[in-house]
Amino acid sequence: MTQSLEREVTATAANSGANATSVFKNKQGESVAVDPARVDEVATAAIKALHEVIREKQVTYAEYDALKSWLISVGEDGEWPLFLDVWIEHVVEEVANADREGSKGTIEGPYYVPGSPQLGSEGTLPMREDEPGTPLDFSGQVRAVDGTPLANATVDLWHADDLGLYSQFAPGIPEWNLRGTFTTDADGRFMIHTLQPAPYQIPTDGSCGKLIAAAGWHAWRPAHLHLKVSAPGHLLITTQLYFDGGEYIDTDIADAVKPELILRPTAKADGMGNEVGYDFVLDPA
Ligand code: MBD
Ligand code: FE
């Protein structure tokens with residue numbers, strides 16, 4: 001068996017689901033108190049919306065039982081983070097960031113881990129010696145909405161490898177592979193050396209994969225870079241950047257592509273891969 005086939009086999013839904021669940025639990029800590037009136041309002045509306053679907057689609061008992069088994073398996077596979085981030089999060093992001101003037105955000109997804117290696121204003125993401133992919137020089141400037149460059153801003157970047165796998169969520173990949181934290185220089189600038197990622201396929205062997213297959217959908221997200229950009233006194237922006245003309249760019253299963261987030265890399269003059277620039281504008285806190 002080739003190395004890549006072996007990795008595809010061992011990168012199971014249960015494996016990445018369990019990791020995504022524990023990463024989320026760490027982030028969440030103790031659950032926050034929520035106003036009962038707000039729970040009543042939102043939970044009542046959500047349950048009512050489902051009732052409407054059942055009436056409109058004339059859902060049968062067989063279908064209700066199929067839903068029940070599927071929901072049970074989403075929990076058993078640890079795929080609640082994946083399910084929610086693929087099909088629900090983009091609307092939460094839309095509502096949360098509707099009033100921002102700065103750069104567009106988009107969903108975080110289930111695979112962010114805080115605390116990646118600090119690499120200064122210019123550096124190379126940690127990667128294996130034989131890491132496959134086209135080199136990409138990704139540079140830019142972080143600014144306030146009034147145009148002031150923001151020195152000491154943080155640019156936290158993470159992305160999948162050439163097989164679409166994320167370190168810490170698939171076995172056999174070094175801990176911080178393709179994850180790093182950069183700090184802008186006195187002019188608000190950064191320069192990141194990495195590789196162009198490949199499209200990402202939702203694990204097909206878990207309950208999310210079963211839903212996708214049962215519905216006849218495709219299971220793919222276009223190739224993307226994930227970023228969190230922040231600076232003191234400004235709102236943190238969680239976003240993703242995509243590649244012009246890339247596969248699935250118009251049919252992202254997670255519905256998280258926006259026209260403002262599409263990069264157009266060009267070949268470097270020295271023939272050493274591609275380069276692209278992208279600036280981030282942060283709203284005041
Ligand atoms: C991903 O890589 C991702 O970014 C999202 C949003 C969901 C699943 C996998
Ligand atoms: Fe992703």
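Numbering of ligands and ligand atoms starts at 1, following listing order. Worth saying up front: this structure is predicted, and the values here are computed from it rather than measured.
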- Message: How long is the straight-line distance from CD of Gln196 back to CG of Asn274, given to the nearest 0.5 Å?
- Response: 5.0 Å
- Query: In Å, rounded to the nearest 0.5 Å, how long is the span from NZ of Lys104 to NZ of Lys258?
  - Reply: 5.5 Å
Among all the protein's non-hydrogen atoms, which is closest to [atom], and how far away is it?
atom: atom 6 (C) of ligand 1; result: Ile107 CD1, 3.2 Å
atom: atom 8 (C) of ligand 1; result: Leu82 CD1, 3.5 Å
atom: atom 3 (C) of ligand 1; result: Arg221 NH1, 3.5 Å
atom: atom 2 (O) of ligand 1; result: Tyr166 OH, 2.9 Å
atom: atom 9 (C) of ligand 1; result: Tyr200 CE2, 3.1 Å

- Name, closest N/O/S atom of His224 to the Fe ion (ligand 2): NE2
- Task: Give yes if a backbone or side-chain nitrogen or oxygen of His226 is under 3.5 Å from a nitrogen or oxygen of ligand 1, and no if not.
- Result: yes
- Query: the Fe ion (ligand 2) as vertex, arms to OH of Tyr166 and NE2 of His226: angle to 10°?
  - Reply: 100°
- Report the hydrophobic cluster partners of Tyr248, with the cluster defined as I, L, V, M, F, W, Y residues connected by side-chain heavy atoms closer than 4.5 angstrom, directly or transitively. Trp220
- Note on the structure: When every non-hydrogen atom of Leu178 is compared with those of Asp161, the smallest separation belongs to CD1-CA, 3.6 Å
- Query: Angle class for the Trp87/Phe83 ring planes (parallel below 30°, perpendicular above 60°, tilted otherwise)?
  - Reply: tilted
- Message: In this structure, does ligand 1 have an atom that sits under 4.0 Å from one of the heavy atoms of Ala256?
- Response: no
- Query: Is His224 in contact with ligand 1, taking contact as a heavy-atom separation below 4.0 Å?
  - Reply: yes
